[in-house]
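Every chain is numbered from 1, with letters handed out A, B, ... down the list of sequences.
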Number of protein chains: 2
Amino acid sequence: MHYRKSRQRERILQLLRETRAHPTADWIYKKLKNEIPELSLGTVYRNLKVLIDQGKVRKLPFGSTFDRYEAGTEPHYHLVCEQCGAVTDFQMPQYKTIHKKAELMSSFKIHSHRIDFFGICEKCQTTLKKKERRKHYGSRK
Amino acid sequence: MHYRKSRQRERILQLLRETRAHPTADWIYKKLKNEIPELSLGTVYRNLKVLIDQGKVRKLPFGSTFDRYEAGTEPHYHLVCEQCGAVTDFQMPQYKTIHKKAELMSSFKIHSHRIDFFGICEKCQTTLKKKERRKHYGSRK
DNA sequence: CTGGGTGCAAAATCTTTGCAGATCC
DNA sequence: GGATCTGCAAAGATTTTGCACCCAG
């Protein structure tokens with residue numbers, strides 16, 4: 001896909017780069033609406049997608065698609081498989097260290113923190129390997 | 001609010017406790033639909049809310065309400081204010097250590113990780129303090 | 001020209017709510 | 001009994017898409 005340039009896209013990127021907060025699509029839309037009155041929300045969403053595809057913007061993971069719930073009581077972290085989307089609990093020490101350090105370094109009163117690791121789970125690793133192998137022998141599309 | 005008990009709610013909680021994954025409301029709904037055919041998705045959502053209120057379940061934060069985007073290139077963590085919802089970047093060392101440790105301890109091939117700290121930002125801290133003070137002198141509702 | 005980009009509005013997704021009836025205490 | 005729960009369906013909220021026209025290369 002060969003991208004052209006457009007005022008809308010350029011402004012969206014620029015706006016994101018200027019902002020320390022992490023805006024929502026709607027925030028961006030409203031912010032630019034004054035400057036580009038014909039702008040539509042659909043365009044904002046479409047351009048965010050393009051920018052993500054170009055690697056210039058990232059969507060904070062664990063977003064929208066669905067809320068997720070857990071009943072666990074023990075504090076723990078999460079492993080998220082980027083391939084199949086599975087979320088697994090992950091026990092790991094050093095909670096307090098990182099917690100305290102963050103509290104010292106910021107002006108926040110920190111109550112809790114959360115760590116998510118993103119990668120490929122064991123199952124998907126083997127699946128992917130199989131696919132890789134097939135590619136070498138199989139026909140090329 | 002005084003909660004009674006209901007089969008639906010009990011089963012939802014039980015299901016969440018049995019599951020290592022972090023289900024979506026829809027997953028729960030489908031899973032229980034066989035057992036309780038009259039069950040409706042609305043009830044699942046309502047009960048999840050009650051369970052959260054009772055502190056028995058938590059919703060993984062940073063959920064649905066809105067997707068959020070950022071253009072930053074440097075790796076960094078996030079500070080999220082639980083009062084006003086602001087998200088701020090937070091620079092902090094020790095990326096590699098925790099990353100490697102997690103890779104060793106899990107069977108995942110880890111690509112990246114993310115840390116969010118939740119608490120109260122400076123601004124809200126002062127606002128809250130003011131409110132607290134007022135409470136002592138002001139009229140009680 | 002050609003294919004990406006845009007606005008608009010309709011559709012799709014996910015979540016919340018109003019209502020009338022069933023249920024728990 | 002009366003507040004709490006439920007199912008159902010309608011309404012909300014957020015995101016995606018189809019279509020016809022516009023514009024960059």
Side-chain angles (χ1 to χ4, degrees), chain A residues 1-16 21-71 80 85 87, chain B residues 1-16 21-71 80 85 87:
Chain A
M1 173 80 100
H2 186 263
Y3 293 118
R4 298 196 190 134
K5 63 176 160 168
S6 81
R7 180 150 81 108
Q8 286 84 336
R9 186 144 66 231
E10 273 168 5
R11 289 296 292 121
I12 290 170
L13 180 55
Q14 203 181 328
L15 193 56
L16 274 171
H22 298 69
T24 60
D26 191 59
W27 185 92
I28 296 172
Y29 171 66
K30 289 202 180 102
K31 203 84 174 175
L32 291 180
K33 188 71 177 174
N34 305 313
E35 184 184 329
I36 314 176
E38 338 78 77
L39 183 65
S40 81
L41 194 51
T43 298
V44 173
Y45 278 110
R46 265 185 299 225
N47 276 317
L48 283 169
K49 220 166 245 173
V50 172
L51 290 168
I52 289 170
D53 187 53
Q54 299 178 327
K56 292 177 181 162
V57 165
R58 39 181 226 122
K59 186 185 331 198
L60 296 189
F62 243 134
S64 60
T65 331
F66 285 98
D67 280 348
R68 284 168 175 280
Y69 303 86
E70 69 176 11
V80 182
V87 182
Chain B
M1 175 76 103
H2 186 261
Y3 293 118
R4 299 199 189 131
K5 64 176 163 169
S6 82
R7 179 150 81 107
Q8 286 83 337
R9 186 143 69 230
E10 273 169 5
R11 290 295 293 121
I12 289 171
L13 179 56
Q14 202 180 331
L15 193 56
L16 274 172
H22 299 68
T24 61
D26 191 59
W27 184 91
I28 296 173
Y29 171 66
K30 288 203 180 100
K31 203 85 176 175
L32 291 180
K33 188 71 178 172
N34 305 313
E35 182 184 330
I36 314 177
E38 338 80 76
L39 183 65
S40 81
L41 193 51
T43 298
V44 174
Y45 278 110
R46 264 185 300 225
N47 276 317
L48 283 169
K49 219 165 245 172
V50 172
L51 289 169
I52 289 169
D53 187 53
Q54 298 178 326
K56 292 177 180 162
V57 165
R58 42 181 224 122
K59 182 175 351 186
L60 296 189
F62 245 134
S64 61
T65 332
F66 285 97
D67 281 348
R68 284 169 175 278
Y69 303 86
E70 70 177 9
V80 183
V87 182

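- Residues satisfying the side-chain hydrogen bond (donor to acceptor under 3.5 Å, both in side chains) test with B/Glu10, not counting sequence neighbours, are none.
- Atom pair B/Glu38:CD and D/dC5:C1' shows a separation of 13 Å (rounding to whole Å applied).
- Between the axis at the start and the axis at the end of the helix from C/dC1-D/dG25 to C/dC25-D/dG1 there is an angle of 30°, using five pairs per end and rounding to 10 degrees.
- Taking the side-chain hydrogen bond (donor to acceptor under 3.5 Å, both in side chains) definition, one finds that A/Ser6 meets it with nothing, sequence neighbours left out.
- Distance A/Gln54 CD to C/dG4 P: 13 Å, rounded to the nearest Å.
- Applying the salt bridge (charged side-chain N to carboxylate O under 4.0 Å, His left out) criterion to A/Arg46, with sequence neighbours excluded, gives no partner residue.
- One finds the OH atom of B/Tyr29 at 14.5 Å from the CG atom of B/Leu15 (value rounded to the nearest 0.5 Å).
- In this view, A/Glu35 and A/Arg11 satisfy the salt bridge (charged side-chain N to carboxylate O under 4.0 Å, His left out) rule, not counting sequence neighbours.
- Salt-bridge formation is detected for the pair A/Asp26/A/Lys30: a Lys NZ or Arg NE/NH1/NH2 atom is positioned less than 4.0 Å from an Asp or Glu carboxylate oxygen.
- Rounding to whole angstrom units, CD of residue A/Glu10 and P of C/dT6 are separated by 10 Å.
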Every protein N/O lying under 3.5 Å from an N/O of nucleotides 17-25 of chain D:
{"from": "D/dG18", "atom 1": "O6", "to": "A/Arg46", "atom 2": "NH1", "distance (Å)": "3.1"}

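- Shown here for B/Ile28 and B/Pro23, the closest heavy-atom pair between the two residues is CG1-CB, 3.9 Å.
- If you measure from atom OH of B/Tyr3 to atom P of C/dC25, you get 15 Å, rounded to the nearest angstrom.
- Rounded to whole Å, atom C1' of D/dT4 lies 12 Å from atom CD of B/Gln8.
- Spacing between atom OH of B/Tyr29 and atom C1' of C/dT16 amounts to 16 Å, rounded to whole angstrom units.
- For B/Lys30 and C/dC14, the NZ to P distance is 9 Å, given to the nearest whole Å.
- The salt bridge (charged side-chain N to carboxylate O under 4.0 Å, His left out) search around A/Lys31 returns none, not counting sequence neighbours.
- A straight line from CG of B/Leu41 to C1' of C/dA12 spans 15 Å, rounded to a whole angstrom.
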Give the table of side-chain donor-acceptor pairs shorter than 3.5 Å for residues 36-43 of chain A, with sequence neighbours excluded, one pair per line with atom names and distance.
{"from": "A/Ser40", "atom 1": "OG", "to": "A/Thr43", "atom 2": "N", "distance (Å)": "3.4"}
{"from": "A/Ser40", "atom 1": "OG", "to": "A/Thr43", "atom 2": "OG1", "distance (Å)": "3.2"}

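- Proximity note for B/Ser40 (side chain, C-beta onward) versus C/dT6, D/dC8, C/dG4: the nearest is D/dC8.
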